Amino acid sequence: MKLKLALAALGLLAAGTHAASAGGDIVYDGGMKDAVAVPAPIPVPAPIPVEEGFTWYFRGDIGYGTAMSTPSFSENGFRFGLDGPPFNGTQFDFGQAPFQSIRHELDDAFMGSLGLGAYFTRHLRGDVTIDFRGRQADTVNARYSYASTNAGNTIAGRVTDTLTITSTVVMANGYIDILPRGLFSPYIGAGIGFV
């Protein structure tokens, strides 16, 4: 009989603990005298998507250019063989016979650019860049040789002509990003500028 009463008391105690904790007000841990008050849970608000807005960015590029083929070179207005004896008096232009060899030496060039841009929408952006191109020289070395009017004498000469180029390019560019920004971002772009 005592065992039945003890089991019934335990059942009532367990039912009371479950009912109290389901309400969210009181939690019993071990017995009636160890009751702890627990506040009701606070609901977490759902995230609200925010449209990406106007974002500034800086860009920088560096490059190195080398000649893949021999450039063409022509010169007008400077004639050879104009003087009298011992020269033969036959006039000829640069590159014509009796020129025998023309050799180009085109320097490599370093390039770099700095730019400031902005995203106008998620897929539309634009920037302004300034490109600097280092000094690049195209040097042409040529040799000629012909018989003089004095028998047995040869007139030999060498011509060196150098064209040096340095430039700065200013560009305004617009881009349409096909995919959102990420590790791989294909785009379509167009620009206009001046050198």
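These numbers come from a predicted model, not from an experiment.
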Inter-residue atom distance Asp127.CG - Trp56.CH2, 0.5 Å rounding
11.0 Å
Quick check: is Val128 connected to Leu114 through a chain of hydrophobic side chains (ILVMFWY, heavy atoms under 4.5 Å apart)?
no
To the nearest 0.5 Å, how far apart are OH in Tyr187 and CZ in Arg125?
6.5 Å
Verify, without hydrogens or angle tests, whether Gln100 (side chain) and Arg143 (backbone) share a donor-acceptor contact under 3.5 angstrom.
no
Please step through side chain to side chain contact (heavy atoms under 4.5 Å, CB included) for the pair Val169 and Arg133, ending with a clear verdict.
CA-CA 8 Å; Val169 181; Arg133 299 184 183 181; 4.0 Å; yes
Would you say the side chains of Ser185 and Asp177 form a donor-acceptor pair under 3.5 Å?
no
Counting only heavy atoms not in Leu179 (residues, nucleotides, ligands), do more than 12 fall under 6.0 Å from its CG?
yes
Side chain to side chain contact (heavy atoms under 4.5 Å, CB included) for Arg59 and Thr129? Distances and angles first, verdict last.
CA-CA 8 Å; Arg59 64 174 289 177; Thr129 60; 3.7 Å; yes
Just distance, no hydrogens or angles: give the donor-acceptor pairs under 3.5 Å from side chains in residues 157-168, sequence neighbours left out.
residue: Thr160; atom: OG1; partner: Asn141; partner atom: OD1; Å: 2.9
residue: Thr162; atom: OG1; partner: Thr139; partner atom: OG1; Å: 3.4

Anything under 30° is parallel, anything over 60° is perpendicular, the rest tilted; go ahead and classify Phe80 against Tyr144.
tilted
Shortest non-hydrogen contact between Ser145 and Thr154, atoms and distance:
OG-CG2, 3.2 Å
Quick check for you: to the nearest 0.5 Å, what is the distance between Phe58 atom CZ and Leu116 atom CG?
5.5 Å
For Ala142 versus Phe94, what's the shortest heavy-atom pair and its separation?
CB-CE1, 3.7 Å
All heavy atoms of Phe92 vs all of Ala97, minimum pair found to be CB-O, 3.5 Å
Starting from the C-alpha separation in whole Å, work towards a yes-or-no answer on side chain to side chain contact (heavy atoms under 4.5 Å, CB included) for Ile192 and Met171.
CA-CA 6 Å; Ile192 188 169; Met171 293 286 294; 5.9 Å; no
Euclidean distance, Thr55 OG1 relative to Arg122 CZ, rounded to 0.5 Å
11.0 Å
Between atom CG of Leu106 and atom CD of Gln136, what is the distance when rounded to the nearest 0.5 Å?
4.5 Å
Check Tyr57 against Ala118 and note the closest heavy-atom contact, atom names and distance.
CE2-N, 3.4 Å
Tightest non-hydrogen contact, residues Gly134 and Ala109, listed as O-CB, 4.2 Å
Do Leu124 and Tyr175 have side chains that approach each other closer than 4.5 Å (heavy atoms only, starting at C-beta)?
no
Output field: ring centroids Phe110/Phe132 closer than 6.0 Å
no
Side-chain contact test, heavy atoms from C-beta onward, threshold under 4.5 Å: evaluate it for Asp138 versus His104 and give yes or no.
yes
